[in-house]
Amino acid sequence: MDYNFKEIEQQWQAEWEKAHVYQVSNKSDKKPFYVLDMFPYPSGAGLHVGHPLGYIASDIYARYKRLQGFNVLHPMGFDSYGLPAEQYAIQTGQHPEVTTMKNIARYIEQLKKIGFCYDWDREVKTCDPDFYKWTQWAFIQMFNSYYDTAQQKARPISELIHKWEQDDPTWATLTEQQQQERLMKFRIAYLSDTKVNWCPQLGTVLANDEVSEGLSVRGGFPVEQRVMRQWSIRVSAYAGRLLEGLKKLDWTESLKETQRNWIGRSEGAEMQFSIKGQDAPFTIFTTRADTVFGVTFMVLAPESEYVKRVVKPEQQDEVDAYLDRCKHRTERERIADRKVTGVFTGSYAINPLTHTEIPIYISDYVLSGYGTGAIMAVPAHDSRDYAFAKHFNLPIIPLIEGADVSEQSFDAKEGKMINSGFLNGLEVPDAIAKMKEYITNTGIGRVKVNYRLRDAIFSRQRYWGEPFPVYYKDGMPYTIDEKDLPLMLPEVSDFKPTSDGRPPLGNAKDWTYNGYPLELNTMPGFAGSSAYYLRYMDNHNANALVDKDVNAYWRQVNLYIGGTEHATGHLIYSRFWNKFLYDLGYICEDEPFQKLINQGMIQGRSNFVYRYIGEGATGNLYISYNLIDNPEYKDKVQPIHVNVNIVHNDILDIAAFRNWLPEYKNAQFVYSDGTTDNDNPYLGTPAEKQYICGWAVEKMSKSMYNVVNPDDIVEQYGADTLRLYEMFLGPLEMSKPWDTKGIDGVHRFMRKLWNMYEDISDEEPTREEYKALHKLIKKITWDIENFSFNTSIPAFMIAQNELSALRCNKRAILRQLAILMAPYAPHIAEAMWHRCGETTFVVDAQWCECDETYLTEDTVKYPVQFNGKVRFTVELPKTMGKEDIEQTVMSHEDTAKYLNGAAPKKVIVVPGRIVNIVV
RNA sequence: GCCGCGGUGGUGGAAUCGGUAGACACGAAGGACUUAAAAUCCUUUGGCCAGAGAUGGCUGUGCGGGUUCAAGUCCCGCCCGCGGUACCA
């Protein structure tokens, strides 16, 4: 009986579907367990073999937990709003929904082939009105809430209004519009004029995490700074809690560190500096309060509100020219070109400690978005201030003993203070503390914690996204009534912006609410992905995002698996969104994802042929990789990507290559042995001739012809082999290239495993057979609980080998082996299970318990070492105690030989392992 | 620059608590079966040395030190690679 994986997989996938085996109920006496994958964006290219890596891992874990008796929620859905479908729509006129749905169908087809245990009844799509209704609903809650800094949580904005009505007599005197404007400064979702990342090519603004080094993450287009009226989400209010919350999460240290850096907490002080000739002071933020005695100038960000106040008429032209220049510089230019620039304002500030007058400058090395957008410059101890001071010839006063500041600044926070009045002689940390105390007591400043985390810009000038549930009356935004949700995305005549530059929704007919114009922006990608894990719990609920009782049952995601690229985007926004809903009492857990594992990326492994481009080249001759360093070919060949699917173990399939593209139709080769086609003119290409390809690890992409499609692997080897092989490739978290060679080994194992189920006997297994089984149970259980899936495959192979060697065909062993295989290779496991005569599904079985009594040996081999070197081995009863072992070994004749009459210095016995004798 | 992760045979990688490094697989070499090939099975496979052989010796986890009876694993100092982040005051 051959291992017909195709038949087995098709049969059992159909049976599972028919019996709704993977449907999960919200009502169960079992303990809940929630295993989640980061849902994919369904791209047009479909899945490649890298995508399922994390899904396989989570599937193994989900199946294992189910076998352990948990009620396991393991859903899948699609992050289906996004730029690619819209770009495609603009180019082709095809509605993004059509492309998106087509891509989703393709993804589902591919995923189903791999045999995941998803409950497809719980599928969610972010572009589905039933889903985005709740994205819009959450936005309304954010609009109608503020962050109460005293309670450190979000509260309904009605509470704030109530407070003002009680305590603030001016509130009642304000017009409706003034009141709305004031409230807007407190709402968690708010509208404001902010400096945004504007990407002209994409025609939209982007959030900070969507921009990297001045280029858009998607597409790599330049991004510039622009002030626009935009919706923002007050994520920054949660900075402290987002940081604190990390402590109790079971995430990798590196991911937590990435989030800590992104949140960027820094302890320092805010200080007031008065301006010469003005009453109102201005405020700066510093972490180096100890260096106030060395402040020799002040710098404002070009966008700072203070600029208007301090510019003297005689400097106005120069300042305007500078500001104009800054405005037109793109973010990318600013980063690329770090030349010192700046302009003097004409005003002077007063150093509150030395009372000296110090000039105020404007420079773009100070950022408006951080701190107060103004700094005190201490050139001796800050490299940026130092560069500025050198350029403008400003004084540099060293404040730390022994610091040589003639060539560069001394930035380290260590040493003894000098030139610093009452701080002289103190160590830097003590000086910082003392100065903080001083400024607090004298009232010139206060201790302040600053965060780098900014509010998230929430508007996108795009079509394919959630419409805001917002309309405008007298220029002020109002949210629509919740009973009118969802606000459906309208049809538009054109997916491009309108001719007068409004977003694409401007092309919609009748885009109004009760006669008032509706918001034209749509929400960003992260809106829909921020709470999708909650919706899976209760995805058919028409009355709530998630029913409270249902949420109280599932609580939170116990295991979340996904890529590390979401560290500063999705994983921050989701945590924020979750905390917000928690504050308002809609859900019962403060954090969404208890344990998180980042699967590594699977890179492509590209193959190359080497075209001869030396003397007499016809452009049609290809040199085998092993020869390209020969003098006759060195530097005369050009590597060309070749489709990895026509290369096997780096050997080119010549016929397939000639058929691949027209240009290779008449390709000629110099084979690995140095011969050419001309040497065998009448024979064609003899079978023993090999053309060896070179290779490189690169990103998996179409243009490098290194994309391997899981469908092809499933077709050729089966889903179970694919699953096992992906795990076998290496540790889950590690990035590694996909290399199909090696899959044969796993496939061979599957065949051998299957052959064990030929004739099954009801004889009682031997102790040896039980031992092999229980060793495996112990190992597999440990592996799954520790996410060490890669080491399970060898364990299976070894067990299979041992059992085969024992010619084991005992039902008692084989049915347990099927259970152990079930998480990894569910189809073959199901077939194995039924071959053992079982009639239920293997997923409904009980996970195997390891019986340690089978693992204990009667005797143990002890290697006896002298000074670390193994000299001989003794075999002793397992039950023997440490001292008896020592005694036995010491009286051994070989021991006497090695000791040569001398007394040992030390004897170390590691029970069950080793005896070490130091001479 | 700063932060994080990593470096083990020809290759992917094991070694889970400091305890016989190289499991398992690929590749390679040799052999069996076969008219032949494929498939399958068996043997060998870190390096060096000795031996007809069983076997034995030395060396060996990026580099240099250290702790220990014992180090891939712990400590100190470097080198290299990958990832994140960057005028954040």
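The model shown is predicted, which means the values in this text are computed figures rather than measured ones. Lettering of chains follows the sequences in order, A, B, ..., and the numbering in each one begins at 1. Computation of the quantities below employed the complete heavy-atom set of this structure, encompassing side-chain atoms and omitting hydrogens, waters and symmetry-equivalent molecules.
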Would you please name every residue forming a salt bridge (Lys or Arg N to Asp or Glu O under 4.0 Å) with Asp250(A), sequence neighbours left out? Lys595(A)
Determine whether the aromatic ring centres of Tyr824(A) and Phe796(A) lie less than 6.0 Å apart. yes
Please produce a list of atom pairs where a protein N or O lies less than 3.5 Å from an N or O of nucleotides 2-9 of chain B.
unit_1 : atom_1 : unit_2    : atom_2 : d
C3(B)  : O2'    : Glu257(A) : OE2    : 3.1

Contacts of Pro429(A) meeting side chain to side chain contact (heavy atoms under 4.5 Å, CB included) (sequence neighbours excluded), chain-then-number -> Glu427(A)
Report the residues that fulfil side chain to side chain contact (heavy atoms under 4.5 Å, CB included) with Met750(A), sequence neighbours left out, ordered by chain and then residue number. Tyr3(A), Asp720(A), Thr721(A), Leu724(A), Ala825(A), Ile828(A)
Any Lys/Arg nitrogen of Asp783(A) or Lys779(A) sitting under 4.0 Å from an Asp/Glu carboxylate oxygen of the other? yes
Under the ring pair (Phe, Tyr, Trp, His ring centres under 6.0 Å) rule, collect the residues that match up with Trp738(A), sequence neighbours excluded. Tyr725(A)
Treat a base pair as Watson-Crick or G-U wobble with both distances under 3.5 Å, then lay out RNA chain B in dot-bracket form, 5' to 3', with | for cross-strand pairs. (((((((..(((......[....)))((((((.......))))))(((((....)))))..(((((..]....))))))))))))....
Integer-rounded Å distance: A89(B) C1' and Arg452(A) CZ: 14 Å
Under 4.0 Å from OP1 or OP2 of A89(B): is there any side-chain N or O of Tyr370(A) that close? yes
Looking at every strand, decide which applies to Arg751(A) at a 4.0 Å heavy-atom threshold: base, sugar-phosphate, or nothing. sugar-phosphate
Nearest-angstrom distance from the residue atom NE2 of His566(A) to C1' of G84(B): 15 Å
Rounded to whole Å, the CG-C1' distance (Asn786(A) to C17(B)) equals 13 Å
Taking RNA chain B as the partner, which of residues 291-299 of chain A come within under 4.0 angstrom of it by heavy atom? none
Scan for salt bridge (Lys or Arg N to Asp or Glu O under 4.0 Å) pairs involving residues 447-457 of chain A, sequence neighbours excluded, and state none if there are none. Glu270(A)-Lys448(A)
Give the rounded distance in Å between these two atoms: CG of Leu732(A) and C1' of G12(B). 16 Å
Output all residues satisfying salt bridge (Lys or Arg N to Asp or Glu O under 4.0 Å) with Lys771(A), sequence neighbours left out; order by chain, then residue number. Glu857(A)
Can you give me the N/O atom pairs linking the protein to nucleotides 23-26 of chain B at distances under 3.5 Å, or say none if there are none?
unit_1 : atom_1 : unit_2    : atom_2 : d
C26(B) : OP1    : Arg748(A) : NE     : 3.4
C26(B) : OP1    : Arg748(A) : NH2    : 2.4

Quick one: is Lys906(A) getting a side-chain N or O under 4.0 Å of the C69(B) phosphate, OP1 or OP2? yes
Indicate yes or no for a side-chain donor-acceptor contact from His381(A) to the backbone of Phe410(A) under 3.5 Å, with no hydrogens or angles considered. yes
Taking side chain to side chain contact (heavy atoms under 4.5 Å, CB included) as the test, write out the residues that go with Thr781(A), two or more places apart. Tyr64(A), Ile777(A), Glu785(A), Trp847(A)
As a test of reading the structure: which of C69(B), G13(B), U20(B) is closest to the side chain of Pro863(A), going by heavy atoms? U20(B)
Separation of Lys905(A) atom NZ from C69(B) atom C1', in whole Å? 10 Å
Pairs flagged by salt bridge (Lys or Arg N to Asp or Glu O under 4.0 Å) wherever residues 793-802 of chain A is involved - sequence neighbours left out: Lys775(A)-Glu802(A)
Rounded to the Å, how far apart are Glu267(A) CD and A89(B) C1'? 15 Å
